[in-house]
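What follows is a set of notes on a single structure, which appears directly below.
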Amino acid sequence: MNNFVFYSPTEFVFGKATEMQVGALARKHGAQKVMIVYGGGSVVRSGLLDRVKQSLQEAGVGFCEMGGVQPNPVDTKVYEGIDFCRTQQADMMLAVGGGSVIDTAKAIAAGVVYDGDFWDFYIGKAKVTKALKVGVVLTIPAAGSEGSGNTVITKVDTLQKLSLRVPEVLRPVFAVMNPELTYTLPPFQTACGIADMMVHIMERYFTNTEDVEIADRVCEGTLTAIIKEAYRVKQDPNNYGARANIMWCGTIAHNGTCGVGCEEDWASHFLEHEVSAIYNVTHGAGLTVITPAWMTFMASHNPRKIAQFANRVFGVPETEDLEEMALTGISRLKHFFRYMGLPVTFKELGIENPDIDRLVDSLHRNKGELVGNYVKLTREYSKEIYQLAL
Ligand code: NZQ
Ligand code: ZN
């Protein structure tokens, strides 16, 4: 097991009606005036935004608001938010939504107290050392941004989708999680969220680090639980227990718990970020196309952990032939994704002829000549993986 620092100070407030505590939480964490950030309107239609405002009013916390954050959030909205936050003199960001909203709120939180261009942080030109506090009311379990120190933003001009990871500054100070808020999710978004959290675990699980038995078992147990709850929620979308377990899985998957002591991989995410940047597809659906292709490549290059995954998560019997075990596991994983209504090829994702050379070029320009860790991907390997996803 590698040395590690695990620092996860987010206060999670979980359960029915918890959004009514948001005012008290903002106040407790020192807010005088919060800037509410939300997306395309689901929180308006569901009445959640009104309940959040009511709770803030009852706690005597002022607020201003900016809606209109789109999925695969963009830099232009962050600039707008920074200007607005400065004009309004808000002292805390309150994200009401999913990963796109939370990531935008984090970018504004860092950008508003920085004299330069916030994009400097994403291209490694400057380090985030301070930011406004970020609070969250989560409406979709998926990206895990409510418990992570990450934010992912796309630059409109160049279509660069880049992630920034600063857990010591950008982790939300609190996250309100009411599973009932997720009843209104369309089945496709529920499924994409489930896929995203599964891959967050797998990025950590597919490691060459030895002696990580606890991390392995936490990953396998959480993956098994997600799959079980996914079947339940597909049958019965208003099943509170299933929604609650899925919501908490999304946090566990990405707050660092699953990867302690491991060298993590993240190549599937980086390969996917190019796809969602260029073709604007839903991140979770991009992952169900890319990850099985990445695993298929690994089945012949480094099958050990893929075979273990096949055995312990999908019940594939142990044999001497690790590659064959791995391939059987991948086929079961794809079957599960298809059952959830998710694509497993570019074509099913709606991209008939992806420009693979462009994807490869952009990936290696953004992430360097070698990508990932489980097997370090050269340009040639990345191209092979994109081709396996056709
Ligand atoms: O915009 P509204 O109208 O709110 O609709 C949203 C959006 O269309 C809808 N939605 C959310 N909650 C809902 C709802 N619809 C009905 N009822 C509800 N309760 O769902 C759609 C997707 O929302 P979005 O926030 O984009 O989803 P998600 O949480 O999957 O976030 C995706 C973004 O996060 C990034 C992704 O790349 C993508 O840009 N990621 C962020 C990470 C992080 N910060 O740690 C890690 C991830 O790997 C990921 O890369
Ligand atoms: Zn993800």
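First listed ligand is number 1; within each ligand, the first listed atom is number 1. From a predicted model like this one, the values you see are computed outputs, not experimental measurements.
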Give the single entry among R45, E180, E146, K161 that approaches atom 38 (C) of ligand 1 most closely by any heavy atom.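 Considering heavy atoms of R45, E180, E146, K161, the nearest to atom 38 (C) of ligand 1 sits in K161.
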
Out of G99, S46, A195, whose heavy atom sits nearest atom 29 (O) of ligand 1?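 The residue whose heavy atom sits nearest atom 29 (O) of ligand 1 is G99.
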
Should you measure from each heavy atom of [X], which atoms of ligand 1 turn up under 4.0 Å away?
X: I140; answer: 11 (C), 12 (N), 29 (O)
X: T184; answer: 16 (C), 17 (N), 18 (C), 19 (N)
X: G39; answer: 1 (O)
X: P73; answer: 39 (O)
X: A142; answer: 29 (O), 30 (O)

Return a yes/no value for [X]: is any of its N or O atoms, backbone included, closer than 3.5 angstrom to an N or O of ligand 1?
X: V43; result: no
X: K106; result: no
X: L181; result: yes
X: H283; result: yes
X: P71; result: no

Identify the protein heavy atom lying closest to [atom], giving its residue, its atom name and the separation to 0.1 Å.
atom: atom 26 (O) of ligand 1; value: S100 OG, 2.6 Å
atom: atom 50 (O) of ligand 1; value: H273 NE2, 2.9 Å
atom: atom 1 (O) of ligand 1; value: G40 N, 2.7 Å
atom: atom 12 (N) of ligand 1; value: T139 OG1, 2.8 Å
atom: atom 44 (N) of ligand 1; value: D103 OD1, 2.8 Å
atom: atom 6 (C) of ligand 1; value: S42 OG, 4.5 Å
atom: atom 47 (C) of ligand 1; value: H200 NE2, 3.3 Å

Angle, NE2 of H269 through the Zn ion (ligand 2) to OD1 of D196 - 10° precision: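 Between OD1 of D196 and NE2 of H269, at the Zn ion (ligand 2), the angle is about 120°.
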
Do you reckon I246 sits in the same ILVMFWY cluster as Y183, going by side-chain contacts under 4.5 Å, direct or chained?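 No.
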
Structural part of Q70 in contact with ligand 1, heavy atom criterion under 4.0 angstrom: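 Within the 4.0 Å criterion, Q70 makes no contact with ligand 1.
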
Is ligand 1 under 4.0 Å from a heavy atom in the side chain of L185, in the backbone, in both, or in neither?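 Both of them.
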
Please tell me whether Q308 and E220 have a donor and an acceptor in their side chains that are separated by less than 3.5 angstrom.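 Distance-only check passes for Q308 and E220.
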
State if N72 counts as touching ligand 1 under the rule of any non-hydrogen atom under 4.0 Å.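 Within the 4.0 Å threshold, so yes.
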
